[in-house]
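Everything numeric in this text was worked out from a predicted model, so none of it was measured.
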There are 2 protein chains.
Amino acid sequence: MLSYTEENYLKALLKLILDNTSNEAGTNELANSLLVKPATVNDMLKKLKEKDLVNYEKYGKITLTLEGQKHATEVLRKHRLWETFLYEVFEFSWDEVHEVAEQLEHIHSVKLIDQLDKFLNYPEFDPHGDPIPNKHGEIKVHFKKTLFDVEIGTTCKMVAVKDNSSSFLQYVVKVGLGLNNEIKVISKQDYDALLVIEVNGVESIVSQKFAENIFVLA
Amino acid sequence: MLSYTEENYLKALLKLILDNTSNEAGTNELANSLLVKPATVNDMLKKLKEKDLVNYEKYGKITLTLEGQKHATEVLRKHRLWETFLYEVFEFSWDEVHEVAEQLEHIHSVKLIDQLDKFLNYPEFDPHGDPIPNKHGEIKVHFKKTLFDVEIGTTCKMVAVKDNSSSFLQYVVKVGLGLNNEIKVISKQDYDALLVIEVNGVESIVSQKFAENIFVLA
DNA sequence: TATAAAAGTTAGGTTAATCTAACAAATTTA
DNA sequence: TAAATTTGTTAGATTAACCTAACTTTTATA
């Protein structure tokens, strides 16, 4: 059984690797993301290497072993499932979910996570629009796309919001938008970047700022 | 902010005190309930005393200060709310809830617990029939009573089951019983202790063994 | 009530996770 | 390419939570 701290190191490593696209990370980088000193990371790296969770040689780059990836992905899965739960069931706002999910992600219980997943109807994305690994550790690869990035004439699905202020949310409701709604982008003004969109057969005009705060799945 | 371990010491102390009815506990007793050695408890006691969470003098008995009670009650509240949640929402059985609740009780988030409480509609008892402290730390004092202890002629409410085996649960359903149902005890045979009860206007005969596995509120 | 048993304490040690300070290797840049 | 900068490592300390072994105090009992 991994400790709370070991799980955090693996998760941080996975996040760096997913962000970097480079598949490896360095000691300082990892120390920064965990808010600890490089010396501390160095110690932990030795321990994780001993347990065959990371590949790492003195002065070399750090990568996750298959086993390490498995653990890290599971923690990420739990984190994102809990975020979704807090957001959808317990009325947490977009910016409140992270802190509590950081704690909940370390609860050990297979049944708990299975039930959580089922209760949420096996969601694929969390409230930030990030993909939730499934039970087998598979992550839907995708580029985080906002409504502003969608090609004219195509239809997309709203999966999350970036801005969670009440003024923005009220605006979202006014436009007739909700999670998982289909949105068709009718046109875009070159001059001021206003978008004409269609939701449930109703056309609306929204600004670039608005469109950039809506995450969609193309 | 109290550590996971400190919270566990306070909770264990509160449970001993609630069970003892004596309002105080000893080092060995506490060590047994926490599965650690008395020497360890001694160290922690000094720390908790320093933080004004317990009253304790060398070779004396241990009690909780008001502040210590507050923390302990809050942990107990969280534990029992989570048990109720796991049982009612996530289909955990009576005997599976404890282990996971032991972990969940240490999650720090006022909003989380408020929402949990609200979601469960402010329950007063957990699946074991134990009272859940409310937001202000108030615990409904009650004696854990089974259906067998109920006086003849009176009506009570089923609040929990002790035995969670499927054979017992099937029997419970057959008798037409469910959580929060009203049960009237019609009569009791002196000879073999069989009980005649009435649920929703229907009479049934149940054994002493059955009745002792149903927790009720008189 | 003296002594044996139980309960509680102390001293000294371990492990996990952290730190600082000094040093070493690798990389960048002038 | 040599010097400067960045990156990574080591050694030695610290803190929380635990331990064992030896000791002391309290309580129970012969």
Side-chain angles (χ1 to χ4, degrees), chain A residues 1-13 15-17 19-20 22-64 68 71-72 75 102-103 105-106 108, chain B residues 1-13 15-17 19-20 22-64 68 71-72 75 102-103 105-106 108:
Chain A
M1 180 87 84
L2 300 183
S3 73
Y4 186 108
T5 312
E6 288 168 332
E7 288 189 346
N8 274 141
Y9 276 79
L10 295 177
K11 188 187 65 165
L13 215 34
K15 283 211 283 195
L16 283 180
I17 285 167
D19 288 354
N20 279 352
S22 73
N23 256 47
E24 47 178 41
T27 307
N28 275 325
E29 203 181 359
L30 190 50
N32 280 332
S33 81
L34 286 162
L35 304 177
V36 297
K37 300 297 167 197
T40 308
V41 168
N42 203 273
D43 284 348
M44 182 57 92
L45 249 23
K46 286 174 189 161
K47 199 166 118 192
L48 294 175
K49 186 197 159 108
E50 196 53 46
K51 290 191 175 188
D52 264 317
L53 296 166
V54 302
N55 304 115
Y56 144 82
E57 298 300 333
K58 230 176 160 178
Y59 294 107
K61 286 294 176 184
I62 314 156
T63 60
L64 284 165
H71 283 286
V75 177
E102 282 289 299
Q103 301 176 59
E105 71 190 6
H106 300 290
H108 293 288
Chain B
M1 180 88 84
L2 299 182
S3 74
Y4 186 107
T5 311
E6 289 167 332
E7 288 190 346
N8 275 142
Y9 275 78
L10 295 179
K11 188 187 62 165
L13 215 34
K15 283 211 284 197
L16 283 180
I17 286 169
D19 288 356
N20 280 353
S22 72
N23 256 48
E24 48 178 40
T27 308
N28 275 323
E29 203 181 359
L30 191 49
N32 280 332
S33 80
L34 286 163
L35 304 177
V36 297
K37 300 297 167 197
T40 308
V41 168
N42 203 273
D43 283 350
M44 181 59 91
L45 248 25
K46 286 174 189 161
K47 201 166 116 191
L48 293 175
K49 186 197 158 104
E50 195 53 46
K51 290 190 175 188
D52 264 316
L53 297 165
V54 301
N55 303 117
Y56 145 81
E57 298 301 332
K58 232 177 160 180
Y59 295 107
K61 288 293 176 185
I62 313 157
T63 59
L64 284 165
H71 283 287
V75 176
E102 282 289 299
Q103 300 176 59
E105 71 189 7
H106 301 289
H108 293 288

Next item on the list: Specify the separation, in whole Å, of atom CE of A:Met44 and atom C1' of C:dT15.
Entry: 12 Å
Can you tabulate the close N/O pairs, meaning under 3.5 Å, that link protein atoms to atoms of nucleotides 2-9 of chain D?
unit_1 : atom_1 : unit_2  : atom_2 : d
D:dG8  : OP1    : A:Thr27 : N      : 3.4
D:dG8  : OP2    : A:Thr27 : N      : 3.3
D:dG8  : OP2    : A:Asn28 : N      : 2.7
D:dG8  : OP2    : A:Asn28 : ND2    : 3.3
D:dT9  : OP1    : A:Tyr56 : OH     : 3.1
D:dT9  : OP1    : A:Tyr59 : N      : 2.8
D:dT9  : OP2    : A:Thr27 : OG1    : 3.3
D:dT9  : OP2    : A:Asn42 : ND2    : 2.2
D:dT9  : O5'    : A:Asn42 : ND2    : 3.0

Check: So what does A:Tyr4 touch, heavy atoms closer than 4.0 Å: a base, only the sugar-phosphate, or nothing?
Finding: nothing
Next item on the list: Check every strand shown and say whether B:Thr5 touches a base, only sugar-phosphate, or nothing at a heavy-atom separation below 4.0 Å.
Entry: sugar-phosphate
Checklist line | Nearest-angstrom distance from the residue atom NZ of B:Lys37 to C1' of D:dA22 | finding: 16 Å
Note to self: The test is side chain to side chain contact (heavy atoms under 4.5 Å, CB included); show your working for A:Ile62 and A:Glu29 and say whether it passes.
What the structure shows: CA-CA 10 Å; A:Ile62 314 156; A:Glu29 203 181 359; over 6 Å; no
Notebook entry, point to check: side chain to side chain contact (heavy atoms under 4.5 Å, CB included) between B:Leu10 and B:Val54: does it pass, once the steps are laid out?
Noted result: CA-CA 8 Å; B:Leu10 295 179; B:Val54 301; 4.2 Å; yes
Notebook entry, point to check: For the atom pair CD (A:Glu6) and NE2 (A:His71), what is the distance rounded to the nearest 0.5 Å?
Noted result: 9.0 Å
Check: What's the shortest heavy-atom distance between A:Ala12 and A:Leu30, and which atoms?
Finding: CB-CD1, 3.8 Å
Next item on the list: Grab the two heavy atoms, one from B:Gln103 and one from A:His108, that are nearest each other, plus how far apart they are.
Entry: OE1-N, 2.6 Å
Checklist line | Rounded interatomic separation in angstrom, taking CG from B:Asn8 and P from D:dC18 | finding: 9 Å
Item checked: From CA spacing to verdict: side chain to side chain contact (heavy atoms under 4.5 Å, CB included), B:Val75, B:Leu2 -> CA-CA 11 Å; B:Val75 176; B:Leu2 299 182; over 6 Å; no
Checklist line | Nearest-angstrom distance from the residue atom CG of A:Leu34 to P of C:dC19 | finding: 10 Å
Item checked: Between P of C:dA11 and CG of B:Asp43, the distance in whole Å -> 11 Å
